[in-house]
Amino acid sequence: APFTGTYTAQSGEVVGILRDMRDTFSANLQAANEKEERQQKAYDKYMDEMSKAYEAMQDSYSKKQDELSGNDDSLSSKKEQLDTAQGAKAEAEDFLAKLLDMCAAKKKQFNERVALRTNEEAALAEAISILNSDAAFATFGAVDATKTGPTALVQLRLASVREHRPLSVARAAAPTGDRRIAAREFLQKAAREQG
């Protein structure tokens with residue numbers, strides 16, 4: 001039998017649900033696309049900053065490596081200079097020690113020479129004072145050599161070492177009237193009296 005009733009579509013409600021779903025999906029898609037775009041921009045910005053930081057760190061690393069190799073070269077040359085300087089210092093200290101010993105020996109020798117010269121000068125001054133005394137003039141005035149001219153203290157001959165004897169031996173060997181022994185005794189006596 002033929003359908004004589006009126007047809008009312010039942011799909012309107014389903015189409016409405018589908019439209020709502022489509023609108024929701026479109027809104028969700030648009031929100032997701034906007035979120036993804038924001039996140040992509042943030043990622044690109046972050047990667048740009050990190051790339052710049054990486055390049056800066058890479059440059060710094062290269063510079064540090066160059067400095068490190070330069071420091072290694074400098075350190076090795078400084079170590080060689082230190083070894084050379086320490087060797088030179090040791091040699092200088094050895095030389096200084098030897099020099100100080102030599103200086104001490106030279107000072108001792110100089111002091112001995114100064115003492116000897118001082119003693120010689122004192123002995124000469126004493127001999128001159130003895131010879132300039134009134135007693136010496138009186139004694140030498142009685143000798144013929146001093147009466148006739150200024151040859152009293154001139155050396156007339158060279159005595160050999162064998163002829164030089166101590167005063168005690170000379171006294172024993174010479175006659176008691178020998179004038180040379182008398183003069184020596186007088187000079188020694190005068191020296192004792194002044195000393």
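Heavy-atom basis, side chains included; hydrogens, waters and symmetry copies ignored.
Put simply, NZ on Lys108 and SG on Cys103 are 15.0 Å apart, with the number rounded to the nearest 0.5 Å. One distance of note links CZ of Arg117 with CD of Glu121; it measures 9.0 Å at 0.5 Å rounding. With rounding to the nearest 0.5 angstrom, the NZ atom of Lys98 is 10.0 Å from the CE atom of Met102. A distance of 7.5 Å separates CZ of Arg113 from NZ of Lys106, quoted to the nearest 0.5 Å. The distance from atom NZ of Lys64 to atom CG of Asp59, rounded to the nearest 0.5 Å, is 12.0 Å. Distance check, rounded to the nearest 0.5 Å: OG of Ser74 to NZ of Lys79 gives 11.0 Å.
Asp134 CG: 12 or fewer foreign heavy atoms inside a 6.0 Å radius.
For Asp48 and Lys52, the salt-bridge test passes: some basic side-chain N is under 4.0 Å from an acidic carboxylate O.
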Practice prompt. Any chance you could lay out the salt bridge (charged side-chain N to carboxylate O under 4.0 Å, His left out) test for Glu67 and Lys63, step after step, and finish with the verdict?
Written response: CA-CA 6 Å; Glu67 288 177 15; Lys63 288 177 185 175; over 6 Å; no

Worksheet item: Checking side-chain contact (heavy atoms from CB on, under 4.5 Å) for the pair Glu120/Leu116: CA distance, chi angles, key distance, verdict?
Response: CA-CA 6 Å; Glu120 287 175 353; Leu116 181 63; 3.9 Å; yes

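At a threshold of 4.5 Å between non-hydrogen side-chain atoms, the residues Lys78 and Gln81 count as touching.
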Result block: side-chain N/O donor-acceptor pairs under 3.5 angstrom for residues 18-34, not counting sequence neighbours:
from, atom 1, to, atom 2, distance (Å)
Thr24, OG1, Asp20, O, 2.7
Ser26, OG, Arg22, O, 3.0
Asn28, ND2, Thr24, O, 3.4
Gln30, NE2, Glu34, OE2, 3.4
Asn33, ND2, Leu29, O, 3.4

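Judged as a side chain to side chain donor-acceptor pair (under 3.5 Å), and not counting sequence neighbours, Asp66 has no contacts.
A single hydrophobic cluster is not seen to contain both Tyr61 and Leu68; linkage of ILVMFWY side chains at heavy-atom distances under 4.5 Å, directly or through other members, places them apart.
Between the side chain of Ser129 and the backbone N or O of Glu126 there is at least one donor-acceptor pair closer than 3.5 Å.
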